[in-house]
Amino acid sequence: MEKIINYINGEYCEPLSEEWIDNYNPSKGEVFGVIANSNEADVEKAYRAAKEAYPAWSNSTIEERSRVLLKIASLIEVNLERLAKAESEDNGKPLSLARSVDIPRASANFRFFGNAITQFASEAHESVGLNTINFTLRQPIGVVGCISPWNLPLYLFTWKVAPAIAAGNTVVAKPSEVTPKTAFLLGEILSKAGLPKGVLNIVHGTGPTAGQAIVAHPKIKAISFTGGTKTGEHIARTAAPMFKKLSLELGGKNPNLIFADCDYETMLDVTVRSSFANQGQICLCGSRIFVERSIYEQFREDFVARVRELKVGDPFDDSTRIGALVSEPHMEKVLSYIELAKEEGGKVLCGGNRVTVPGLENGYYLQPAVIEVYDDQCRVNQEEIFGPVVTIMPFDTEEEALQMANSVRYGLSSTIWTSNIDRTMRISKKIEAGIVWVNTWLNRDLRTPFGGVKASGVGREGGFEALRFFTEPKNVCIKYSE
Ligand code: NAD
């Protein structure tokens, strides 16, 4: 049995709790290992290591930090195949996706922030006449906490820890207990790259115990969290009385607005991907599709035909497009929404049933589902399902499309398909989302701000926004005489 243990102070160690949780392989529906079920004492141990490491790391030169981050990036590349297999086994995602997206992006995160820190500058303001000059010191915060979800495990874990350490902080981090394996393997890479011990400590365990202990720790001064909106609310409530700095990247229910004047074939290709990539378990998937009525019938027919062609199967088979859902409870949740859709009067145009994959009969496979809905306020259209399920619905006017796009509690990303630049600008300004993609999807430049509005979160990651989050600005005002 594989054992996933903590990485604290540069060493792998068993949890002080001496407790374990089962780790499931979702493609087989079998337990294939155990994970440390760390408790408050383990988090305290990780905190102490991080505290000890902080003075030296925060005073290390930018070049030194950059060098280590770039080295970690290269070692992730060297280990690409091994990490991709681990990610696919742990999460159920197609190996082809882990190999082409998840792991390369984890490496890119370290490379990006290893370079970005060398360009990170602060402001100076000279007050002519008053003979003062103000400048801003951007100092690391101290020991910070990073907590990440299961859908893009190493990708999102590194998206937080890389800027945190680049900026000179030391970290107590917790990956999702559902998919801990690649973060576990990262420990080896950190040691090999020469990251000083204690700079990044990785604690495994559940949200309510290990996660809560990080958020509630009085000396951990900032929390960068990605996960569900409900968890985000809880974290905000716990952290607020201690005035912690918080970055919350939460759920989404993203609209995909398709106008008749778009490039139809490109839109169709990308919409299949934006609906079902990673089994629809990407916070940026466009799960509500609104189509201009003049092309609605055509779209419905073509889209459903394309979705039916998506091969559901073994994540390790290169021809698989849809792998397993991450866990049995998650699969049950998604199936319950398919039932709800029917109860609410929606029409399941395709998919929505469990699939039996030969040789992997207990795996958590679902046919991707397209549901036609008649009221954009129905629950299936309002609540985050986070699985291979999209709704489709026609609209008549741009105003109506925008109004439906905005009438959810979430506001993470949005996609618009049109060749009309004026419309692009009108909608981009009015749509309630942190990210707007026009005639594309999931096109990410790591320098850009990333995050959501409304119930999709608070704060932005990406580029200098992340380095600003992980530093505390301090204004210094100097008076001089002529
Ligand atoms: P989750 O909220 O259940 O868990 C996320 C992480 O938080 C896990 O590591 C978990 O152990 C931890 N956690 C749970 N309870 C905690 C607590 N009380 N205190 C501290 N930590 C706690 O989310 P999930 O099911 O792992 O991920 C799916 C969700 O993540 C979806 O809602 C999805 O939209 C969201 N997500 C958002 C983004 C984004 O960038 N906005 C990206 C990916 C996923």
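Ligands are counted one by one from 1 in listed order, and the atoms in each one are counted from 1 as well.
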Is G227 in polar range of ligand 1, meaning some N or O pair under 3.5 Å apart? yes
Heavy-atom distances under 4.0 Å decide this one: backbone, side chain, both or neither, for I147 against ligand 1? side chain
Considering S148, G211, G452, G228, which one's heavy-atom position lies nearest to atom 8 (C) of ligand 1? S148
Side chain or backbone of E384 under 4.0 Å from ligand 1, or both, or neither, by non-hydrogen atoms? side chain
With no hydrogens and no angle check, do the side chains of Y24 and E328 hold a donor and an acceptor under 3.5 Å apart? no
Record the part of N151 in heavy-atom contact with ligand 1 below 4.0 Å; permitted values are side chain, backbone, both and neither. side chain
I want to know if ligand 1 touches T231 in the polar sense, i.e. an N/O pair below 3.5 angstrom. yes
Part of A210 with heavy atoms under 4.0 Å of ligand 1, whether side chain, backbone, both or neither: neither
Just heavy atoms, cut-off under 4.0 Å: does H234 contact ligand 1 by side chain, backbone, both, or neither? side chain
Do H217 and E40 have a side chain donor and acceptor closer than 3.5 Å? no
Logged contact type for L156 with ligand 1, heavy-atom cut-off 4.0 Å, is side chain
Heavy-atom pair with the smallest gap, counting every atom of W441 and L284: NE1-O, 2.9 Å
Has ligand 1 got any nitrogen or oxygen that is less than 3.5 angstrom from a nitrogen or oxygen of F450? no
Just to be sure I read this right, does ligand 1 sit under 4.0 Å from the backbone of L412, its side chain, both, or neither, counting only heavy atoms? side chain
Quickly, which of R105, R82, R99, R111 forms a salt bridge (Lys or Arg N to Asp or Glu O under 4.0 Å) with E77? Name it, please. R111
Within reach of ligand 1, part of E177 (heavy-atom separation under 4.0 Å): side chain
Is atom 19 (N) of ligand 1 less than 4.0 angstrom from at least one protein heavy atom? yes
Please identify which of these residues, K160, R444, R447, meets the salt bridge (Lys or Arg N to Asp or Glu O under 4.0 Å) condition with E461. K160
